[in-house]
Amino acid sequence: MKDADLKALTGLCAKCGTCRTVCTLYPERKTEIAVARGKIALIEAAMRGEDGDAEGVQEALTDCLLCGRCERACPNQVLVEEIVMKGRADLAEEVGIPAWKRVLFGKVMPSPAATGIARKAAAAGQRLLPGKIPTASGLHYRFPDGLGGKGRTVPKLPGKGFLESLGKAEAAAGEVMLFVGCVFDHVFPGVGRAAYETVKASGKSVAVFRDAACCGLPAMVSGDRRSAAECAEANVRRLRAAEPGAIVFPCGSCLLMFKRNVFSLLPKGTPGYDDATYVAERAVDYASFLLSSGVLDRIPDPPSGQNVGEIGYHDPCHLSGTLGKGPEAREALSRAVGPAFAEMAGADLCCGYGGTFNVRDYPTSSRIGETKVTVAARGGTKVISTACSGCVLQMRDMAARTDPALRVVHIAELVHQALFRK
Amino acid sequence: MHADALSALGNLFGDRLRTSLETRICYSFDATRKTFLPDAVVYPVSAEEVRQTVLLANRHRFPVVPRGAGTGFSGGSLPVRGGVVLSTERMDRIVSIDTENLYAVVEPGVVTETLKAAARERGLFYPPDPASLKFSTIGGNIAECSGGMSAVKYGVTRDYVLGLEAVLGTGELLRTGVATAKGVVGYDLTRMLVGSEGTLGIVTRATLRLLPHPEAAVTVLALFRTNRDASGAVNAVVAAKVTPSAMEIMDRTAIDCVRAVAKVPLPAGTGSALLFEVDGTADSTAREADRVEEACRAHGALEVRRASDMKGRDELWKLRRAISPTLLQLGAVKLNEDIVVPRSRLADMFDFLADLSGRSDVRIVNFGHAGDGNIHVNIMISGADEDETRRAEEAVAEVFRKTVAMGGTISGEHGVGISKAPFLEMEVGPLGVAVMKRLKECFDPNGILNPGKIFLDEAAVRG
């Protein structure tokens, strides 16, 4: 490993052990290698030239959900996420990344057309899967046990994505730009639609960012910085060209990418930096936009039809933790559903998704996730709402595993329901 | 380590034996930031597995180094002579809490905060509160005899250990102590093991005394011009027959460090701060807080603030809690010592430290548990300047000499480990060291358990 910045970043770690107390993974692994100070020790050893096995270090660095809890708890404010991502990137250059990731990050995700084709192929292939199961949130498919993780359920993929469903003239230009994100475009187009229509209710002209590549976060966290930078650079260039006043993100992870991580890929001095700055200054989370734009004032009458306290809010790690946007979502939710919203038990527990972590180690990811939704359900929550695509994916799967009556929704769906209630 | 030994450990632990370089690196450090690579790491889940490990160690002659959460400041859990790190983090059950007889039985890997919370749920109180309580383990606290903020009123870990189950260096399983409020049968083997830094036995279970939880607490922050004023107030509070559950002191450099971060407005001329906490019933805490205030004002306090609700108390504690993280502003390397002097000598020690800082030309930040006379002397250096490092190390030795001369001790709560081993004899004398070594032979004749600790060891010096 050679990145000189890493030395300065890791040098602040006092090895005090605070990170052990908050690590999402530590209760599962019960070993120092799982937690931030262990990973930092590995990087430090590698920088001293003491790493015998780069693949072993890569394995250790990959075993992390990047939930950022350690970073927020750290008394010395060590930038753990950045350290782990830099470490992964350096090692990816040294030993490479798996072939499926190379294709996905390098070929599919940078191209809006390719992601659409991939979804169509997946939707067609999905019909061959056995074990359709009914859940409150729609039909899911259960994966065969040897494929994709024991007991995994996946949403039924739509034939048409959200963007594809929009008319050509619809939402071509506007003062507000909506960045839907891959999952809310291709997997849950209903969420994309709800976000679009509620943002439109602000009365401002709203455009949907049609030329979107993947935000790049999955590639970045996997150490594929080249693909991530390619996605990020294309996105910020096209976004700036559209000259929006605000860019609204229904997904916390995409927002994190454009608010913070993008500067690690397009740092000062690179051609994309100015565009990235332009975008970061205008990027706003969905709930904050609702609050500032007056959308919530348009909810026609006091909400009814939900039982008191049955709707909770799950804090996405990136949105609430890293970006500090937790109060806004709660305020928006209170305004949208009234007393049906109550603080949820274990609201800030990580859902265990962790992007590619969920693919890499589904059993662990699902144990963490099952704990998450079980704690919430035991506290009386019947509908878990949230604002991140990964969390929606994961918690719907977890609800299907633990309690089919438990619903998982994006807050946009609840706001939509309240605004357009008949 | 010999292949036969590793293979025997493999038979015993299966995938709970780890020998990959990555795992070994992760068990090579503690909060001293020194590193020594072990040959293997094992994660026992029972006393029997600990016993079998030590028996194998005797057969194959490899060191066994017990490790809790690796949060120590003196190197107590570092494998300075290699061998096996025996991590107790998977022996983490609270076995029982007896609410009638007021004790808890726990495994060594229980995190201290977890026990405190479990006791609190039952209206009970486990008082020891090392600064690391959220992550350090009971086993580690026992091994190092950890202290904390509340030691002035409630004592340290030692005072709450009623009995222990421990595997000796011979592989024998020893049970010591009692599960009753009293017990004076024979030598106090429990106390022998507490603070022995894993060199005499590996604790596999502990019986810990609990108290009824205090009803209320009041926090008082008093700001002074000088450390001498503040030290006078500490003694005056004690003379006023108040025993606060915390009496913390911060010197001017410590205050300057936290000023920006803690965002607590301080009057001009603040050069020392005391933070008190009194606990008990609502009535008694109010009266005691009054007396604390009076004593502080009588000793020249510039300002006194007080809070009894959780939010207000947290606000006052911010100042104290912000010190540690902000210290790195002053230097990348922190030589962190924890001397104790008789409480009446606090002011003299502060004067000495200020003078030493000037003479040695190194930044020294002092804060700590004034009520115990326990000062955390932090010498902050860049780590990149050889001459500065040498001056800092000489300053440390001078601090220790002065402490012992004042009738104090060179470690109040961090233990000897490797960092204070060169100074052990300075405090306990040659006969003290000799008797300790004889005891070590009695518990661990083959030198299996945590070698290189407490007593000066070449391997540890090299690291």
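Letters go in sequence order (proteins before strands), and every chain restarts at 1. Since this is a predicted model, take the numbers as computed values, not measurements.
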- Message: Which heavy atom of B:Arg93 sits nearest to which heavy atom of B:Val110, and what is that distance?
- Response: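 Shortest heavy-atom separation between B:Arg93 and B:Val110 comes out as O-CG2, 3.4 Å.
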Looking only at heavy atoms, the pair that brings B:Arg90 and B:Val45 closest together is CB-CG1, 4.1 Å
So which part of [X] gets closer than 4.5 Å to some heavy atom of chain A, the side chain, the backbone, both or neither?
X	value
B:Arg67	side chain
B:Ser132	neither
B:Ala332	neither
B:Asp30	backbone

When the 4.5 angstrom heavy-atom criterion is applied to A:Cys13 and chain B, the contacting part is backbone
Applying a strict 4.5 Å limit to non-hydrogen atoms, the region of A:Leu12 in contact with chain B is both
Does the side chain of A:Cys70 reach to within under 4.5 Å of the side chain of A:Cys23, using non-hydrogen atoms?
->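 No; the side chains remain at least 4.5 Å from each other.
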**Request:** Under 4.5 Å, counting heavy-atom pairs only, tell me which of A:Ile40, A:Thr18, A:Val22, A:Val35 racks up the most with chain B.
**Result:**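 Winner by heavy-atom pair count: A:Thr18.
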Based on non-hydrogen pairs under 4.5 Å, which of A:Ala60, A:Cys19, A:Cys74, A:Cys16 is most in contact with chain B?
->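 Heavy-atom pair counts peak at A:Cys16.
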Problem - cation_pi(A:Arg37, B:Phe29) dist<6.0 Å, angle<=45 - result: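 Pair A:Arg37/B:Phe29 does not count as cation-pi.
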Highest number of heavy-atom pairs under 4.5 Å with chain A among B:Arg321, B:Arg33, B:Glu113, B:Lys334 belongs to B:Arg33
Do the ring planes of B:Tyr27 and B:Tyr43 sit parallel (below 30°), tilted (30 to 60°) or perpendicular (above 60°)? perpendicular
Test your reading of the model: is there a side-chain donor-acceptor pair from B:Ser20 to the backbone of B:Thr23, 3.5 Å cut-off?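 Checking the backbone N and O of B:Thr23 against the side chain of B:Ser20, a donor-acceptor pair under 3.5 Å is found.
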- Determine whether the side chains of A:Tyr313 and A:Arg330 contain a donor N or O and an acceptor N or O closer than 3.5 Å. no
